[in-house]
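Here is the structure we will look at, set down as C-alpha cells.
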Amino acid sequence: MGVSALLFALLGIFTSSHWGWLKSGMGRSVFFISLALLMWGVGQMGWSYFLFVNPSVQSPPSHLLDIADFSAIPLWFMGVLMLSRATGARYGLRTRTGQMAVILICIIMTLASYYFLVDVARGGVGYFKEPFWNQFFDLGYSIGDAVIATICIAIYILSWNMLGGRFKVPIIVLLAGFIFLYFADFLYSYLAGRNTYYNGDLADLLYMITISIFGLGVNLLDPSRVATQSTPADNSNQGVA
Amino acid sequence: MDPLPQGQNPVSLHDENAGPNQALDMSQTTEVNIPRSPSPQTLIDRMLPTPQAPNPAFDNICTEIVKEQSRIIGSRLALEQVQHIDGLTVEPVSLACHVTGDANRVISDIVSSFSRFFGHAAVEVCREAAARYVSKLAPADIPQVLRSKA
C-alpha cells in the first residue's frame, strides 16, 4: 500500500508539471494532493517496516509515523481548496440556495462525524481520558478527514450544474477519494479502538481503494491528452451560453 | 416554331386565340426591367451578421479572459487554447490579445476553447474576468456568450 501511494504520488507530481507546477490553480491542486499522498505513503512505508521488524505488533508505537501521516491532512486540505476554483463552486456559493446547502452540509457532517468518530469508534466521551498525543493524532486525523470530506461534498453540490468538460470525471473521482478516505479512517479508528484491527483487514482494503482512486484521479487530470484544435470545440454539451 | 406561312402576319403577344406555334409580333413587346440576381457572395454577406468595428475594449476583454484562465490552468495551456483562433493574435509572454477579426466570433471561440476543460465553470470564469470591460460596452455590443443569464 505504501509503495502504491508513493508511485501514484510521484506520477501526480509529474502531472502537475503539465499545469505549470505551482503557477496555476490546477497545478497547485494536483501538486498538493500528490504531495499529501507522498507523505501518507512515507508513513505507510514506515508502518510496513515496523511490521517486518515485529510482526506481533499491529500498530507501530512511533508518533513519527503519525506525524508523516498527519502532515497529509493540511496538504490535502489545500489541494481541495485549490481544486474548488476550477470547479466553479464559488459561483454556486453566491446564491442563497448554495449558502443554505453549505450550512446544512456542515451541520450534518459535524453531527455525523461526532457520532461516528467519538460515540461509535471510541465509545463516547470517555475517550477523552486517553493520553493527549493519542487523542491528538486519533481525533486530529479524523477531524481533518471530516473537514476535507465536508468540503468535498460542498464543492460537489455547489458545482453540480457548473462543472463539465474534459476534467469533470477526474475531479469527481478525486472528490470521491476523499469520501472513501473518511470512511477508511473511521473504520480503522473503530477497529483499533476495539483492538480488533489487524494488518490486511477491511480497513486496509478501504485504504488501498482510496489510494487507487487518488492515483486514478490525479493522473486523469493530465492535460497533455487534451488535443489542441484549430477550430472551436463543439459546444453542444458544455453549457456555453 | 414553324416558319411563317407566306402571307400570314405575326400574331400579337396578347392574342388569346394564337396557336402555340405561330410567330409572335415582337414589336409589341414592352421593356421589362428584370433586376439582376445578386452574386452568391452578396447573398452570403447579407445573411451573415454585420461584423463589429475594431474596439480596444474587445482586446482588453480577450486579454483578461486569457489571463484569468492562465491563473487556473497555467500560461502554456491557456496560450495553446487560443493561439489557433482566427482573428486573434496573442503575445506569448504577456498574453496580451489583439482582435483582428469579428469580435463576437473571436470571443465566442475563446470561451468555447476554455470550456472544453471545465465546462460551464470555465464560461463563468470568462464572464467574471470580462465583467469590468463588458460593463463599459453598449448592450448591443456585448458578445452573446458574455451576457449574463436573466
Side-chain angles (χ1 to χ4, degrees), chain A residues 15-31 82-95 155-156 158-172 220-241, chain B residues 62 65-88 90 92-93 95 101-131 134 142-150:
Chain A
T15 299
S16 73
S17 68
H18 295 298
W19 295 98
W21 293 108
L22 301 178
K23 294 180 183 176
S24 69
M26 282 303 299
R28 286 191 292 270
S29 173
V30 175
F31 182 81
M82 300 293 170
L83 194 64
S84 67
R85 193 149 183 244
T87 63
R90 58 182 174 153
Y91 302 110
L93 202 55
R94 290 176 183 173
T95 64
I155 288 173
Y156 181 71
L158 290 174
S159 59
W160 172 260
N161 60 351
M162 289 275 181
L163 187 58
R166 161 76 175 77
F167 296 106
K168 176 179 180 179
V169 170
I171 288 176
I172 291 176
L220 283 177
L221 282 174
D222 185 355
S224 61
R225 287 184 287 170
V226 176
T228 304
Q229 299 175 356
S230 59
T231 53
D234 181 11
N235 299 333
S236 57
N237 294 322
Q238 292 178 350
V240 176
Chain B
C62 294
I65 288 174
V66 174
K67 283 184 176 177
E68 186 63 29
Q69 290 289 347
S70 73
R71 291 187 190 105
I72 297 175
I73 66 175
S75 301
R76 184 182 64 87
L77 281 173
L79 189 60
E80 278 180 12
Q81 299 307 306
V82 297
Q83 63 186 5
H84 296 297
I85 292 177
D86 293 334
L88 178 73
V90 186
V93 177
L95 299 180
D102 176 24
N104 261 320
R105 182 192 57 77
V106 167
I107 291 174
S108 177
D109 289 351
I110 291 173
V111 175
S112 297
S113 292
F114 288 123
S115 68
R116 286 193 294 146
F117 281 79
F118 301 110
H120 193 65
V123 177
E124 290 298 323
V125 169
C126 293
R127 284 188 182 144
E128 190 180 44
V134 165
I142 298 174
Q144 180 67 30
V145 72
L146 295 181
R147 291 179 189 177
S148 302
K149 293 179 183 177

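In what follows, every chain begins at residue 1, and chains take the letters A, B, ... in the order their sequences are listed.
- Residues Ile107(B) and Val145(B) come closest through the heavy atom pair CG2-CG1, 3.8 Å.
- Ser113(B) places no side-chain N or O within donor-acceptor distance of the main-chain N or O of Val82(B), the cut-off being under 3.5 Å.
- A distance-only check finds a donor-acceptor pair linking the side chain of Arg147(B) to the backbone of Ile142(B) [under 3.5 Å].
- When heavy atoms are compared at a cutoff of 4.5 Å, Leu77(B) approaches chain A solely by way of its side chain, counted from C-beta outward.
- Of the residues considered (Gly25(A), Ser29(A), Gly88(A), Ala89(A)), Gly25(A) shows the highest number of contacts with chain B, using heavy-atom pairs under 4.5 Å.
- Of the atoms belonging to Thr87(A), it is backbone heavy atoms, and not side-chain ones, that fall under 4.5 Å from chain B.
- Remark: the backbone N or O of Arg105(B) is not paired with any side-chain donor or acceptor of Ser108(B) at under 3.5 angstrom.
- Contact annotation for Arg76(B): only side-chain heavy atoms (C-beta onward) come within less than 4.5 Å of a heavy atom of chain A.
- Only the backbone of Ser70(B) has a heavy atom closer than 4.5 Å to any heavy atom of chain A.
- For Arg28(A), there are no side-chain hydrogen bond (donor to acceptor under 3.5 Å, both in side chains) partners two or more places apart in sequence or in a different chain.
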